[in-house]
Amino acid sequence: MEIKKAIVILFMLPLLVMGQDSLENKYPKRVLGNGMLNGGLTFSVGFANSKTQNIYVQGYLEYMFQRDWSVRGDIYIFINSLGEKARLNMNHQLSVISCYHIPNNSPIDPYVGIGPGLALTRLSDGGGLDSISGNITQKIGVNPFLSFNFGLRYYAPKWFHMYIEGAYILGRHLSNAEAFDMSELRVSFGLGFNINVLNSRKSKRKSKK
Amino acid sequence: MHRKSIAGWLAFVLLFSSLALSQEVKEPKDFRTTDGGTFSLGMRTTGSFFGVDGNPGFGFGGQFRIQLLRWLNTEWFADYITTDIGGMGKREDYHIGWSVMFYPFKFKQKWFQPYLLAGHCFDYTRVTAYSTATIDNSDKTQSRWSAAAQIGLGTHFHIGRRFDIGLSGQYMFHLGKEIHADIIDNAGSRELQVETHQGNILEGHLLVTLNFNVKIADLWKSKKQ
(Lines give C-alpha, C1' and ligand atoms only; values in the text may rest on other atoms or scores of the structure.)
Protein backbone atom coordinates (compact mmCIF):
# COMPACT_ATOMS: atom_id res chain seq x y z
CA MET A 1 0.00 0.00 0.00
CA GLU A 2 2.81 2.36 0.99
CA ILE A 3 4.63 1.48 -2.19
CA LYS A 4 1.57 2.37 -4.27
CA LYS A 5 1.42 5.76 -2.53
CA ALA A 6 5.09 6.28 -3.24
CA ILE A 7 4.51 5.48 -6.90
CA VAL A 8 1.64 7.94 -7.13
CA ILE A 9 3.69 10.64 -5.42
CA LEU A 10 6.62 10.00 -7.70
CA PHE A 11 4.36 10.32 -10.73
CA MET A 12 2.89 13.54 -9.42
CA LEU A 13 6.14 15.14 -8.37
CA PRO A 14 7.54 15.97 -11.82
CA LEU A 15 4.18 17.32 -12.90
CA LEU A 16 4.13 19.62 -9.90
CA VAL A 17 7.67 20.80 -10.49
CA MET A 18 7.03 21.42 -14.17
CA GLY A 19 3.88 23.28 -13.26
CA GLN A 20 5.79 25.96 -11.41
CA ASP A 21 7.14 27.33 -14.66
CA SER A 22 4.13 28.79 -16.36
CA LEU A 23 1.03 30.75 -15.60
CA GLU A 24 -1.05 28.34 -17.64
CA ASN A 25 -0.02 25.51 -15.35
CA LYS A 26 -0.08 27.60 -12.23
CA TYR A 27 -3.62 28.63 -13.11
CA PRO A 28 -4.98 25.58 -14.96
CA LYS A 29 -8.46 27.06 -15.46
CA ARG A 30 -6.99 30.09 -17.18
CA VAL A 31 -7.83 30.02 -20.88
CA LEU A 32 -5.62 32.98 -21.74
CA GLY A 33 -2.23 32.29 -23.14
CA ASN A 34 0.66 33.40 -25.28
CA GLY A 35 -0.48 33.54 -28.92
CA MET A 36 -4.15 34.11 -28.26
CA LEU A 37 -6.03 36.25 -30.75
CA ASN A 38 -9.22 37.90 -29.47
CA GLY A 39 -11.80 39.86 -31.39
CA GLY A 40 -15.17 41.39 -30.75
CA LEU A 41 -17.82 43.64 -32.24
CA THR A 42 -20.46 45.43 -30.23
CA PHE A 43 -22.18 48.73 -29.45
CA SER A 44 -20.68 51.21 -27.07
CA VAL A 45 -22.30 54.09 -25.20
CA GLY A 46 -20.27 57.19 -24.45
CA PHE A 47 -21.24 59.53 -21.62
CA ALA A 48 -19.81 62.92 -22.55
CA ASN A 49 -22.03 64.60 -19.94
CA SER A 50 -25.14 63.70 -17.99
CA LYS A 51 -27.48 64.85 -20.78
CA THR A 52 -25.96 63.35 -23.91
CA GLN A 53 -25.00 59.80 -24.77
CA ASN A 54 -23.05 58.96 -27.90
CA ILE A 55 -23.61 55.63 -29.61
CA TYR A 56 -20.78 53.80 -31.38
CA VAL A 57 -20.15 50.53 -33.11
CA GLN A 58 -17.01 49.24 -31.46
CA GLY A 59 -14.66 46.56 -32.72
CA TYR A 60 -11.40 45.26 -31.35
CA LEU A 61 -8.67 42.82 -32.27
CA GLU A 62 -6.17 41.78 -29.66
CA TYR A 63 -3.06 39.61 -29.64
CA MET A 64 -1.41 38.24 -26.54
CA PHE A 65 2.34 38.56 -26.88
CA GLN A 66 2.71 37.23 -23.38
CA ARG A 67 0.44 35.33 -21.04
CA ASP A 68 -0.48 38.46 -19.13
CA TRP A 69 0.19 41.27 -21.64
CA SER A 70 -1.56 42.03 -24.88
CA VAL A 71 -1.81 44.72 -27.53
CA ARG A 72 -5.17 45.54 -29.06
CA GLY A 73 -6.46 47.80 -31.79
CA ASP A 74 -9.84 49.43 -31.16
CA ILE A 75 -12.11 51.10 -33.65
CA TYR A 76 -15.16 53.20 -32.77
CA ILE A 77 -17.57 54.27 -35.49
CA PHE A 78 -19.84 57.07 -34.33
CA ILE A 79 -23.50 56.35 -35.10
CA ASN A 80 -25.68 58.90 -33.32
CA SER A 81 -26.44 60.65 -30.06
CA LEU A 82 -29.24 60.28 -27.54
CA GLY A 83 -30.58 62.99 -25.29
CA GLU A 84 -29.57 66.57 -25.87
CA LYS A 85 -27.94 67.29 -29.21
CA ALA A 86 -24.28 66.37 -29.11
CA ARG A 87 -21.62 68.90 -30.02
CA LEU A 88 -20.05 66.47 -32.49
CA ASN A 89 -21.80 64.69 -35.33
CA MET A 90 -18.68 62.75 -36.25
CA ASN A 91 -16.33 61.11 -33.77
CA HIS A 92 -14.73 58.05 -35.34
CA GLN A 93 -11.75 56.75 -33.39
CA LEU A 94 -8.85 54.37 -33.76
CA SER A 95 -6.61 53.45 -30.84
CA VAL A 96 -3.84 51.03 -29.91
CA ILE A 97 -4.03 49.82 -26.32
CA SER A 98 -1.57 47.88 -24.21
CA CYS A 99 -3.41 45.68 -21.69
CA TYR A 100 -2.36 43.90 -18.52
CA HIS A 101 -4.43 40.81 -17.70
CA ILE A 102 -4.45 40.16 -13.98
CA PRO A 103 -3.54 36.47 -13.42
CA ASN A 104 -6.01 34.37 -11.50
CA ASN A 105 -7.15 30.79 -11.38
CA SER A 106 -10.47 31.14 -13.15
CA PRO A 107 -11.91 31.69 -16.62
CA ILE A 108 -12.56 35.31 -15.57
CA ASP A 109 -10.06 37.76 -16.96
CA PRO A 110 -9.92 41.22 -15.38
CA TYR A 111 -7.71 43.66 -17.27
CA VAL A 112 -6.56 47.26 -17.43
CA GLY A 113 -5.03 49.08 -20.37
CA ILE A 114 -3.72 52.36 -21.67
CA GLY A 115 -2.91 53.62 -25.13
CA PRO A 116 -2.97 56.46 -27.63
CA GLY A 117 -5.50 57.03 -30.39
CA LEU A 118 -6.59 59.31 -33.19
CA ALA A 119 -10.11 60.70 -33.65
CA LEU A 120 -11.83 62.14 -36.71
CA THR A 121 -14.20 64.74 -35.31
CA ARG A 122 -16.62 67.30 -36.72
CA LEU A 123 -18.87 69.87 -35.06
CA SER A 124 -22.61 69.34 -35.35
CA ASP A 125 -23.48 73.01 -34.94
CA GLY A 126 -21.68 76.26 -35.43
CA GLY A 127 -18.45 76.23 -37.35
CA GLY A 128 -16.47 78.84 -39.19
CA LEU A 129 -17.33 81.12 -42.06
CA ASP A 130 -15.89 80.16 -45.43
CA SER A 131 -15.65 83.51 -47.23
CA ILE A 132 -15.35 81.89 -50.67
CA SER A 133 -18.61 79.99 -50.51
CA GLY A 134 -20.24 82.28 -47.96
CA ASN A 135 -21.31 79.26 -45.94
CA ILE A 136 -20.56 78.25 -42.38
CA THR A 137 -18.47 75.10 -42.56
CA GLN A 138 -17.52 72.43 -40.07
CA LYS A 139 -14.22 70.89 -41.12
CA ILE A 140 -13.11 67.49 -39.94
CA GLY A 141 -10.40 67.61 -37.28
CA VAL A 142 -7.80 64.89 -36.66
CA ASN A 143 -7.26 64.83 -32.92
CA PRO A 144 -5.06 62.67 -30.70
CA PHE A 145 -6.44 61.21 -27.48
CA LEU A 146 -5.40 58.92 -24.66
CA SER A 147 -7.56 55.95 -23.69
CA PHE A 148 -7.68 54.28 -20.27
CA ASN A 149 -9.37 50.89 -20.46
CA PHE A 150 -10.62 48.45 -17.85
CA GLY A 151 -12.82 45.43 -18.12
CA LEU A 152 -13.77 41.89 -17.34
CA ARG A 153 -14.08 38.88 -19.61
CA TYR A 154 -15.49 35.47 -19.04
CA TYR A 155 -13.99 32.78 -21.25
CA ALA A 156 -16.17 29.89 -22.26
CA PRO A 157 -14.10 26.89 -23.35
CA LYS A 158 -11.99 27.49 -26.44
CA TRP A 159 -13.72 29.89 -28.78
CA PHE A 160 -15.91 32.48 -27.07
CA HIS A 161 -15.82 35.04 -24.35
CA MET A 162 -18.30 37.50 -22.89
CA TYR A 163 -17.06 40.88 -21.85
CA ILE A 164 -17.98 44.11 -20.18
CA GLU A 165 -15.62 47.02 -20.33
CA GLY A 166 -15.16 50.69 -19.78
CA ALA A 167 -12.89 53.21 -21.41
CA TYR A 168 -12.13 56.76 -20.45
CA ILE A 169 -11.19 58.84 -23.50
CA LEU A 170 -9.14 61.94 -22.78
CA GLY A 171 -8.88 64.38 -25.67
CA ARG A 172 -9.78 67.72 -27.17
CA HIS A 173 -11.62 68.53 -30.38
CA LEU A 174 -9.74 71.01 -32.57
CA SER A 175 -10.75 71.92 -36.14
CA ASN A 176 -11.42 75.12 -38.11
CA ALA A 177 -13.65 76.61 -35.42
CA GLU A 178 -14.42 76.29 -31.72
CA ALA A 179 -12.35 73.88 -29.59
CA PHE A 180 -13.68 71.89 -26.65
CA ASP A 181 -13.06 68.93 -24.40
CA MET A 182 -14.26 65.71 -26.05
CA SER A 183 -13.42 63.46 -23.09
CA GLU A 184 -16.00 60.83 -22.22
CA LEU A 185 -16.56 57.57 -20.41
CA ARG A 186 -17.60 54.63 -22.59
CA VAL A 187 -19.25 51.43 -21.57
CA SER A 188 -19.71 48.36 -23.72
CA PHE A 189 -20.46 44.67 -23.39
CA GLY A 190 -20.84 41.80 -25.79
CA LEU A 191 -19.59 38.54 -27.17
CA GLY A 192 -16.07 38.04 -28.43
CA PHE A 193 -14.20 35.30 -30.25
CA ASN A 194 -10.80 33.88 -29.44
CA ILE A 195 -8.37 31.46 -30.97
CA ASN A 196 -4.87 30.54 -29.91
CA VAL A 197 -2.84 31.03 -33.07
CA LEU A 198 0.27 29.32 -31.73
CA ASN A 199 -1.58 26.23 -30.52
CA SER A 200 -3.46 25.84 -33.82
CA ARG A 201 -0.16 26.11 -35.73
CA LYS A 202 1.38 23.44 -33.54
CA SER A 203 -1.58 21.11 -34.03
CA LYS A 204 -1.43 21.63 -37.81
CA ARG A 205 2.25 20.72 -37.82
CA LYS A 206 1.52 17.63 -35.74
CA SER A 207 -1.25 16.51 -38.08
CA LYS A 208 1.07 16.97 -41.11
CA LYS A 209 3.68 14.75 -39.45
CA MET B 1 9.65 -12.00 -7.23
CA HIS B 2 7.12 -9.57 -5.86
CA ARG B 3 9.87 -7.30 -4.47
CA LYS B 4 11.70 -7.47 -7.77
CA SER B 5 8.65 -6.29 -9.71
CA ILE B 6 8.14 -3.42 -7.27
CA ALA B 7 11.77 -2.40 -7.65
CA GLY B 8 11.32 -2.54 -11.41
CA TRP B 9 8.27 -0.31 -11.22
CA LEU B 10 10.10 2.14 -8.96
CA ALA B 11 13.04 2.29 -11.34
CA PHE B 12 10.65 2.94 -14.25
CA VAL B 13 8.86 5.66 -12.33
CA LEU B 14 12.12 7.34 -11.31
CA LEU B 15 13.38 7.20 -14.86
CA PHE B 16 10.10 8.60 -16.16
CA SER B 17 10.15 11.35 -13.55
CA SER B 18 13.69 12.38 -14.41
CA LEU B 19 12.76 12.40 -18.11
CA ALA B 20 9.75 14.53 -17.42
CA LEU B 21 11.79 16.89 -15.26
CA SER B 22 14.35 17.31 -17.99
CA GLN B 23 11.68 18.51 -20.43
CA GLU B 24 12.13 22.24 -20.73
CA VAL B 25 8.97 24.29 -20.59
CA LYS B 26 9.16 26.48 -23.69
CA GLU B 27 9.21 30.10 -22.67
CA PRO B 28 9.38 33.01 -25.10
CA LYS B 29 12.84 34.51 -25.46
CA ASP B 30 13.84 36.86 -22.64
CA PHE B 31 14.70 40.13 -24.33
CA ARG B 32 15.47 41.94 -21.08
CA THR B 33 19.07 40.79 -21.01
CA THR B 34 20.06 41.34 -24.62
CA ASP B 35 23.47 42.12 -26.01
CA GLY B 36 21.94 43.84 -29.01
CA GLY B 37 19.92 43.06 -32.10
CA THR B 38 16.49 43.51 -30.55
CA PHE B 39 13.86 45.01 -32.85
CA SER B 40 10.83 46.42 -31.10
CA LEU B 41 7.71 48.21 -32.21
CA GLY B 42 5.46 50.47 -30.17
CA MET B 43 3.01 53.31 -29.82
CA ARG B 44 3.28 56.50 -27.81
CA THR B 45 1.41 59.45 -26.47
CA THR B 46 3.27 62.73 -26.03
CA GLY B 47 2.62 65.85 -24.03
CA SER B 48 4.21 69.08 -25.24
CA PHE B 49 4.94 71.78 -22.66
CA PHE B 50 6.54 75.24 -22.43
CA GLY B 51 6.31 75.87 -26.18
CA VAL B 52 6.49 79.28 -27.80
CA ASP B 53 2.71 79.79 -27.47
CA GLY B 54 2.70 78.73 -23.82
CA ASN B 55 -0.12 76.19 -24.22
CA PRO B 56 0.25 72.46 -23.54
CA GLY B 57 -0.16 70.10 -26.51
CA PHE B 58 -1.10 66.49 -26.82
CA GLY B 59 0.05 63.96 -29.36
CA PHE B 60 -0.21 60.53 -30.92
CA GLY B 61 2.70 58.61 -32.42
CA GLY B 62 4.67 55.46 -32.89
CA GLN B 63 8.22 54.24 -32.87
CA PHE B 64 10.45 51.34 -33.61
CA ARG B 65 13.74 50.56 -31.90
CA ILE B 66 16.83 48.70 -32.97
CA GLN B 67 19.17 47.94 -30.09
CA LEU B 68 22.74 47.87 -31.37
CA LEU B 69 24.64 46.93 -28.21
CA ARG B 70 23.86 46.11 -24.60
CA TRP B 71 24.37 49.77 -23.69
CA LEU B 72 23.17 51.41 -26.91
CA ASN B 73 19.72 51.55 -28.46
CA THR B 74 18.23 53.58 -31.32
CA GLU B 75 14.68 54.86 -31.58
CA TRP B 76 12.96 55.99 -34.79
CA PHE B 77 9.74 57.86 -34.17
CA ALA B 78 6.90 59.88 -35.68
CA ASP B 79 4.51 62.10 -33.71
CA TYR B 80 1.48 64.24 -34.45
CA ILE B 81 0.91 66.83 -31.72
CA THR B 82 -1.97 69.29 -31.52
CA THR B 83 -2.14 72.34 -29.26
CA ASP B 84 -5.16 74.49 -28.55
CA ILE B 85 -4.07 78.15 -28.45
CA GLY B 86 -6.41 79.63 -25.88
CA GLY B 87 -9.54 78.52 -27.74
CA MET B 88 -8.63 80.88 -30.61
CA GLY B 89 -6.59 78.64 -32.85
CA LYS B 90 -4.58 75.48 -33.07
CA ARG B 91 -1.01 74.48 -33.63
CA GLU B 92 -0.17 71.16 -35.29
CA ASP B 93 3.34 69.70 -35.06
CA TYR B 94 4.43 66.74 -37.15
CA HIS B 95 7.71 65.20 -35.93
CA ILE B 96 9.76 62.52 -37.59
CA GLY B 97 13.16 61.71 -36.16
CA TRP B 98 15.53 59.44 -34.35
CA SER B 99 17.25 59.24 -30.99
CA VAL B 100 20.18 57.30 -29.65
CA MET B 101 19.62 55.89 -26.18
CA PHE B 102 22.52 55.16 -23.84
CA TYR B 103 22.20 52.84 -20.87
CA PRO B 104 24.91 54.06 -18.50
CA PHE B 105 23.86 51.93 -15.55
CA LYS B 106 23.56 48.21 -15.21
CA PHE B 107 20.99 47.26 -12.61
CA LYS B 108 20.49 43.90 -10.96
CA GLN B 109 16.75 44.29 -11.40
CA LYS B 110 15.79 43.40 -14.96
CA TRP B 111 12.60 45.46 -14.94
CA PHE B 112 14.11 48.93 -14.57
CA GLN B 113 16.43 50.42 -17.19
CA PRO B 114 17.08 54.19 -17.22
CA TYR B 115 18.67 55.86 -20.21
CA LEU B 116 19.97 59.12 -21.62
CA LEU B 117 18.86 60.09 -25.09
CA ALA B 118 19.87 62.52 -27.81
CA GLY B 119 18.93 62.77 -31.45
CA HIS B 120 17.60 64.68 -34.42
CA CYS B 121 14.17 65.41 -35.78
CA PHE B 122 12.49 67.04 -38.76
CA ASP B 123 9.35 68.95 -38.07
CA TYR B 124 6.44 70.57 -39.88
CA THR B 125 4.39 73.11 -37.94
CA ARG B 126 1.10 74.69 -38.94
CA VAL B 127 -0.78 77.32 -36.93
CA THR B 128 -4.42 77.93 -37.81
CA ALA B 129 -6.70 80.61 -36.37
CA TYR B 130 -10.26 79.44 -35.76
CA SER B 131 -12.95 81.05 -37.88
CA THR B 132 -16.20 82.23 -36.36
CA ALA B 133 -19.70 82.44 -37.84
CA THR B 134 -18.95 85.98 -39.03
CA ILE B 135 -15.18 86.07 -39.58
CA ASP B 136 -13.19 83.81 -41.89
CA ASN B 137 -9.71 83.44 -40.42
CA SER B 138 -8.52 80.69 -42.75
CA ASP B 139 -6.12 83.11 -44.44
CA LYS B 140 -4.23 83.45 -41.15
CA THR B 141 -2.85 79.93 -41.43
CA GLN B 142 0.95 79.87 -41.35
CA SER B 143 3.34 76.96 -41.60
CA ARG B 144 7.03 76.19 -41.60
CA TRP B 145 9.52 73.34 -41.85
CA SER B 146 12.33 73.06 -39.33
CA ALA B 147 15.11 70.79 -38.13
CA ALA B 148 15.47 69.95 -34.48
CA ALA B 149 17.80 68.36 -31.96
CA GLN B 150 16.65 66.79 -28.74
CA ILE B 151 18.21 65.65 -25.49
CA GLY B 152 16.66 64.04 -22.46
CA LEU B 153 16.34 61.08 -20.18
CA GLY B 154 13.89 58.29 -19.58
CA THR B 155 13.42 54.78 -18.41
CA HIS B 156 12.06 51.46 -19.61
CA PHE B 157 9.95 49.38 -17.28
CA HIS B 158 10.40 45.83 -18.56
CA ILE B 159 7.13 44.30 -17.49
CA GLY B 160 7.75 41.01 -19.20
CA ARG B 161 10.11 39.13 -21.43
CA ARG B 162 8.85 40.90 -24.56
CA PHE B 163 7.08 43.94 -23.25
CA ASP B 164 8.13 47.30 -21.91
CA ILE B 165 6.52 50.56 -20.94
CA GLY B 166 8.63 53.70 -21.12
CA LEU B 167 8.51 57.22 -19.80
CA SER B 168 10.82 59.92 -21.09
CA GLY B 169 11.30 63.65 -20.94
CA GLN B 170 13.26 65.49 -23.60
CA TYR B 171 13.86 69.06 -24.60
CA MET B 172 13.63 69.68 -28.34
CA PHE B 173 15.21 72.73 -29.99
CA HIS B 174 13.84 73.69 -33.42
CA LEU B 175 15.91 75.65 -35.87
CA GLY B 176 13.69 77.32 -38.46
CA LYS B 177 11.62 80.28 -39.47
CA GLU B 178 9.95 81.90 -36.48
CA ILE B 179 6.22 81.24 -36.22
CA HIS B 180 4.16 82.42 -33.31
CA ALA B 181 0.59 83.15 -32.36
CA ASP B 182 -0.51 85.88 -29.97
CA ILE B 183 -3.98 86.54 -28.60
CA ILE B 184 -4.56 90.27 -28.79
CA ASP B 185 -7.37 92.36 -27.41
CA ASN B 186 -8.89 94.28 -30.33
CA ALA B 187 -11.41 96.81 -29.02
CA GLY B 188 -12.87 94.39 -26.53
CA SER B 189 -12.82 91.29 -28.74
CA ARG B 190 -10.05 88.73 -28.63
CA GLU B 191 -8.24 87.93 -31.82
CA LEU B 192 -5.48 85.54 -32.74
CA GLN B 193 -2.57 87.02 -34.61
CA VAL B 194 -0.36 84.49 -36.40
CA GLU B 195 2.97 85.67 -37.69
CA THR B 196 6.02 84.22 -39.35
CA HIS B 197 9.32 86.03 -39.58
CA GLN B 198 12.10 85.50 -42.05
CA GLY B 199 15.40 84.38 -40.62
CA ASN B 200 16.05 81.34 -38.53
CA ILE B 201 15.58 81.25 -34.79
CA LEU B 202 15.89 78.61 -32.09
CA GLU B 203 12.72 77.70 -30.23
CA GLY B 204 12.02 74.73 -28.04
CA HIS B 205 9.53 72.70 -26.08
CA LEU B 206 9.58 69.98 -23.46
CA LEU B 207 8.17 66.63 -24.59
CA VAL B 208 7.02 64.05 -22.07
CA THR B 209 6.36 60.70 -23.71
CA LEU B 210 4.63 57.60 -22.43
CA ASN B 211 5.15 54.61 -24.70
CA PHE B 212 4.78 50.85 -24.87
CA ASN B 213 6.82 48.46 -26.96
CA VAL B 214 6.74 44.86 -28.01
CA LYS B 215 10.04 43.15 -28.78
CA ILE B 216 9.37 41.54 -32.12
CA ALA B 217 12.62 39.92 -33.14
CA ASP B 218 16.29 39.30 -32.46
CA LEU B 219 17.81 40.58 -35.72
CA TRP B 220 21.26 39.15 -35.08
CA LYS B 221 20.08 35.75 -33.98
CA SER B 222 21.57 34.04 -37.03
CA LYS B 223 24.96 35.66 -36.43
CA LYS B 224 24.96 34.59 -32.79
CA GLN B 225 24.19 31.03 -33.78
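So you know, we letter chains A, B, ... as the sequences are listed, proteins then strands, and number each from 1. Owing to the predicted nature of the structure, the values given are computational and were not obtained by experimental measurement. Atom set for the values below is all heavy atoms of this structure, side chains included, hydrogens, waters and symmetry mates excluded.
Nearest heavy-atom pair, Leu129(A) versus Thr134(B), reported as atom, atom and distance to 0.1 Å: CD2-O, 3.4 Å. The heavy-atom pair separating Tyr130(B) from Ala179(A) by the smallest distance is OH-CB, 3.4 Å. When all heavy atoms are compared, the tightest approach of Gln66(A) to Arg161(B) is OE1-N, 3.1 Å. Across every non-hydrogen atom of Ser175(A) and Lys90(B), the tightest pair is O-CE, 3.5 Å. Minimum heavy-atom separation, Gly128(A) to Ser131(B): CA-CB, 3.6 Å.
Heavy atoms of Ser138(B) lying under 4.5 Å from chain A are absent altogether. With a threshold of 4.5 angstrom between heavy atoms, Ser70(A) approaches chain B through N, CA, C or O but not through any side-chain atom. In this structure, chain A has no heavy atom under 4.5 Å from any part of Thr128(B). With a threshold of 4.5 angstrom between heavy atoms, Leu174(A) approaches chain B through its backbone and through its side chain. Only the backbone of Thr83(B) comes within contact range of chain A, with heavy atoms under 4.5 Å apart. When heavy atoms are compared at a cutoff of 4.5 Å, Asn176(A) approaches chain B solely by way of its backbone atoms N, CA, C and O.
Of the possible polar contacts, one joining the Tyr80(B) side chain to the Val142(A) backbone as a donor-acceptor pair under 3.5 Å is found.
When the candidates Val71(A), Ile136(A), Leu118(A) are compared by the number of heavy-atom contacts under 4.5 Å with chain B, Leu118(A) comes out ahead. Annotation: maximal heavy-atom pairing with chain B below 4.5 Å, among Gly171(A), Ser95(A), Gly117(A), occurs at Gly117(A). The candidate with the highest count of non-hydrogen atom pairs below 4.5 Å against chain A, out of Asp84(B), Val214(B), Thr82(B), Thr46(B), is Asp84(B).
Enclosure of atom OH in Tyr154(A) is not indicated, since only 12 or fewer non-hydrogen atoms of other residues, nucleotides or ligands lie within 6.0 angstrom. Open room surrounds CZ on Phe122(B); 12 or fewer heavy atoms of other groups in view lie less than 6.0 Å from it. Heavy atoms from other residues, nucleotides or ligands lying under 6.0 Å from CG of Leu167(B) number more than 12. In this structure, Tyr171(B) places its OH atom where more than 12 heavy-atom neighbours from other residues, nucleotides or ligands lie under 6.0 Å away.
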I would like to know whether Asp136(B) and Ile132(A) meet side chain to side chain contact (heavy atoms under 4.5 Å, CB included); could you show each step before the answer? CA-CA 9 Å; Asp136(B) 181 1; Ile132(A) 298 166; 5.7 Å; no
Given the rule in the side chain to side chain contact (heavy atoms under 4.5 Å, CB included) test, do Thr45(B) and Phe145(A) qualify, once you have shown the distances and angles that lead to the verdict? CA-CA 8 Å; Thr45(B) 189; Phe145(A) 65 86; over 6 Å; no
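The structure places CG of Asp164(B) at 10.0 Å from CH2 of Trp69(A), a figure rounded to the nearest 0.5 Å. For the atom pair Leu210(B) CG and Ile114(A) CD1, the distance stands at 5.0 Å (nearest 0.5 Å).
Inter-residue side-chain proximity for Phe212(B) and Pro116(A) is flagged as met; some heavy-atom pair is nearer than 4.5 Å.
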